[in-house]
Structures are given as C-alpha cells and as structure tokens.
Amino acid sequence: MEIRIGIANTGRELSLESDESADAVRATVSEALASGAPFVELTDAKGSSYIVPTAGIAFVEVGTDQTRRVGFVA
C-alpha cells in the first residue's frame, strides 16, 4: 500500500510503500497527532524507517489495500 505524507513548507512529498494495513497506518498517525507526540515513525516494505515530525505534517494520504491488476481490463 502506498503512503504519501505532505510536509509543511516543503515542495515535495514523502512517498513510501508499506506492508501494514491502511487501518494500522491510520491508527499510528492519528495516535501520534492526538497524543501530541513529537514525531511519528513508519517503516516501509523494504525495512527502512521514516521519522516524521508531527508539527510539520500537512497531510497523510493512505492508499487502499487492494493489489494492482496486471494485464488488460475489458
């Protein structure tokens, strides 16, 4: 699943692929924002960790859990 995070005052977005479910990612980000945590940590499908300061988060876009189709669709 693809996750895109917009950072305030930055022209680019952080984009990563995660093996976690959409609900798990939403819960992690929501909990960090609601509790006032200084950062949120996410791990991508390759095992890399991303630490994002919560004060700088402009938006979080969580993709669907559906797999991509391969081939032609009629």
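To the nearest 0.5 Å, the span separating OG1 on T28 from CD on E41 amounts to 10.5 Å. Interatomic distance, I7 CD1 to N9 CG, rounded to the nearest 0.5 Å: 10.5 Å. Here CD of E17 is found 8.5 Å from CE of M1. Values are rounded to the nearest 0.5 Å. Note: L42 CG to L14 CG = 8.0 Å, rounded to the nearest 0.5 Å. Separation of atoms OG (S18) and CD (E2) is listed at 11.0 Å; rounding is to 0.5 Å.
Between V25 and D23, every side-chain heavy-atom pair lies at or beyond the 4.5 Å cut-off. Side-chain atoms of D44 and Y50, non-hydrogen and from C-beta on, do get closer than 4.5 Å to each other. You'll find the side chain of E61 stays beyond 4.5 Å of the side chain of I3, heavy atoms only.
With I5 as the fixed residue, the side chain to side chain contact (heavy atoms under 4.5 Å, CB included) test singles out one of V62, V52, V40: V52.
Taking all atoms of both residues into account, the shortest heavy-atom contact from A8 to A58 is N-CB, 4.1 Å. Of all heavy-atom pairs between P53 and I51, the closest is CD-O, 4.0 Å.
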In a table with atom names and distances, give each donor-acceptor pair under 3.5 Å that connects a side chain of residues 29-39 to protein atoms at least two apart or in another chain.
| residue | atom | partner | partner atom | Å |
| --- | --- | --- | --- | --- |
| S30 | OG | R26 | O | 2.8 |
| S35 | OG | E31 | O | 2.9 |
| S35 | OG | A32 | O | 3.4 |

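Partners of E13 according to the side chain to side chain donor-acceptor pair (under 3.5 Å) rule, which considers only residues two or more places apart in sequence or in another chain, are R4.
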